Amino acid sequence: MKNKILKVYDTITRKLVDIDVPQDIYDEYKKLEWRIKKKNRSFYDHEVQFSMLISNSNSSLEGFKEFVSDPEDTVNKAIDIVLTEKLIECFDLLKPHEKQLLKMLFIDGLTEDECATRLNESRQNIHNKRSRILVKLNNLFKSV
């Protein structure tokens with residue numbers, strides 16, 4: 001089976017990237033894309049006029065309850081986005097070898113022993129580096 005190329009949004013780099021996928025994955029992705037577009041068209045065809053919604057006397061979002069499932073959840077999601085962007089900004093300030101170690105530990109899911117083997121260092125040295133990098137990242141996070 002021949003592979004296909006999909007353009008997807010990389011949330012880390014914030015760019016569209018091409019990925020090589022098998023035909024069956026490509027077909028499912030295109031079906032999902034079509035269903036999403038169809039639902040969006042259906043939503044806009046039946047859209048409620050915002051001018052018809054009535055807020056209460058203190059101009060809160062009382063009339064918009066049907067659009068917001070849980071206001072606190074929405075606020076928490078917004079805070080998470082801001083904190084994530086700040087963390088990415090701080091991560092970019094780290095040295096390449098520091099980024100590499102954090103990637104190995106937290107993204108690739110390797111243990112300190114596995115990192116030590118791959119980097120030809122002792123486990124204790126990896127542990128100490130990890131601790132120093134996390135302190136540095138925390139200090140950068142507080143200062144940015």
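Any value given below was found using the heavy atoms of this structure, including those in side chains, with hydrogens, waters and symmetry copies removed. Because the structure is a prediction, the values reported are computed rather than measured.
How far CD1 of Ile133 is from NZ of Lys95: 10.0 Å, rounded to the nearest 0.5 Å. For the atom pair CD (Gln100) and CG (Leu105), the distance works out to 10.0 Å, reported to the nearest 0.5 Å. Rounded to the nearest 0.5 angstrom, Ser131 OG and Ile126 CD1 are separated by 11.0 Å. Rounding to the nearest 0.5 Å places CD of Glu89 at 8.5 Å from NZ of Lys86. Here the CG atom belonging to Asn120 is positioned 11.0 Å from the CG atom belonging to Asn125, to the nearest 0.5 angstrom. Distance check, rounded to the nearest 0.5 Å: CG of Asn139 to CG of Leu134 gives 11.0 Å.
Using a 4.0 Å cut-off between charged nitrogen and carboxylate oxygen, Glu121 and Lys129 count as a salt-bridge pair.
Each of Asp113, Thr111, Asn128 was compared with Arg123 under the side-chain contact (heavy atoms from CB on, under 4.5 Å) criterion, and only Asp113 meets it. Leu102 pairs with exactly one of Ile107, Asp108, Leu94 by the side-chain contact (heavy atoms from CB on, under 4.5 Å) rule, that one being Leu94.
Although no hydrogens or angles enter the test, the distance criterion places no donor-acceptor pair under 3.5 Å between the side chain of Glu85 and the main chain of Val82.
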| task | Could you go through the side-chain contact (heavy atoms from CB on, under 4.5 Å) check for Met104 and Leu119 one step at a time? | result | CA-CA 10 Å; Met104 291 170 75; Leu119 298 174; 4.2 Å; yes
| request: Might you work through the side-chain contact (heavy atoms from CB on, under 4.5 Å) test for Phe106 and Leu101, ending with a clear yes or no? | output: CA-CA 9 Å; Phe106 297 105; Leu101 182 58; over 6 Å; no
| From CA spacing to verdict: side-chain contact (heavy atoms from CB on, under 4.5 Å), Leu83, Phe141 | CA-CA 9 Å; Leu83 292 176; Phe141 193 81; 3.8 Å; yes
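Across all their heavy atoms, Asp92 and Lys99 have their closest contact at O-NZ, 3.5 Å.
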